[in-house]
Structure formats: structure tokens, C-alpha cells
Amino acid sequence: MNSFYKIIDFVVHGDYNGNLVALERGGVIPFDIQRIYYIWGTKFDVIRGKHAHLNLEQIIICVSGSCEFTLDNGVDLREKVILDSPCKGLYVSSMVWREFTKFSDDCVIVVIASLPYLESDYIRSYDKFISIVKNDQ
Ligand code: TYD
């Protein structure tokens, strides 16, 4: 596991009624929650993301179905993570190039974010991402 992402196992409150996961600021979420958004209805072979963030941190949860994330720190790591469970969250730090694809038909992704939507926080060019990473080293 690396510092730029980690898989978080949530506590599941399950009984004969079904299952429930509760996520609280100060609990399993390591930042102040500023925004929540969700993504669904994306075809299997679409590639979303293709950006990094200057400051944003996120926890990404595939609450239904599955999809595959590629996470790239711009230096030495490019790793694939499959999300296929509502019991797990993928924490992604700032300055990580991410692409996600292989969406199942029933895929619903919930994203918990540390900042409001700010286009100025996006790095949408991979070359620019690499040059910023190199300058920071
Ligand atoms: P984008 O971040 O490019 O989606 P993805 O990385 O999942 O492919 O966002 C898609 C569109 O939605 C884009 O027009 C910006 C808009 N958007 C908002 O208005 N608010 C948000 O919080 C997000 C994440 C996107």
C-alpha cells in the first residue's frame, strides 16, 4: 500500500434487515467533507477521470456494481484497483493521475470530496501533471 491511495474497510452494520455503512467526518473520513457526488450510467469501455487534482482528497465508493481505477503518482507507481464492494472505500490523495473504466451496468460510484468543485484544482493534461510532479521533487 502507498501513501497516495489506500483501501479503507468500512464497519458494516448488518442484520436480517440488510446492511448499513455510516461515514462520519472525524471517523473514517480523514478530511472535512465539502462535497459529495455520484456517477452512474457509464458504459463499460468509457474511460473517465483522466485528470489529477492539485489539492483535492477523495474517498471513492462503488456502492453498486464494479469498476477499475488506474492510479498514477507520476514518479514510479501506476497501479490498478478494482472497486466492487459498498463495504470498501478508495482514498485518493491530491496529485494522483486517475482513470477509471470497466463500469458494470449496475455501477454506481459515490465520491466524498475534501473541496467544493473548483476547475482551478484540476490538472487535465498528463504532461502538465508530470512536469508539476518533477518540479515538486
Ligand atoms: P469530470 O470531473 O470531468 O468527470 P469524471 O472525471 O468523472 O469523468 O466532470 C464531468 C462534468 O461534471 C464536468 O462538466 C464538470 C461537472 N462537475 C460539476 O459540475 N461538479 C462536480 O462536483 C463534478 C465532479 C463535476
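We count ligands from 1, going down the list as the structure has it; atoms in each ligand are counted the same way.
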Looking at [Y], is its backbone amide N or carbonyl O close enough to the side chain of [X] to form a donor-acceptor pair, meaning the two atoms are under 3.5 Å apart?
X	Y	result
S66	S104	no
T101	V46	yes
D127	I130	no
D121	H53	no

* **salt bridge (Lys or Arg N to Asp or Glu O under 4.0 Å): pairs with one or both residues in residues 46-62, sequence neighbours excluded** =>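 Matches after skipping sequence neighbours: none remain.
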* Compile the protein residues with any heavy atom at a distance under 4.0 Å from an atom of ligand 1; present them by chain, then by number. =>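 Contacts of ligand 1 under 4.0 Å: R35, Y37, I39, R48, G49, H51, F100, Y117, Y122, R124.
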* Any idea how Y91 and F31 line up, ring-wise: parallel (<30°), tilted (30 to 60°), or perpendicular (>60°)? ->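 If you compare the ring of Y91 with that of F31, the planes turn out tilted.
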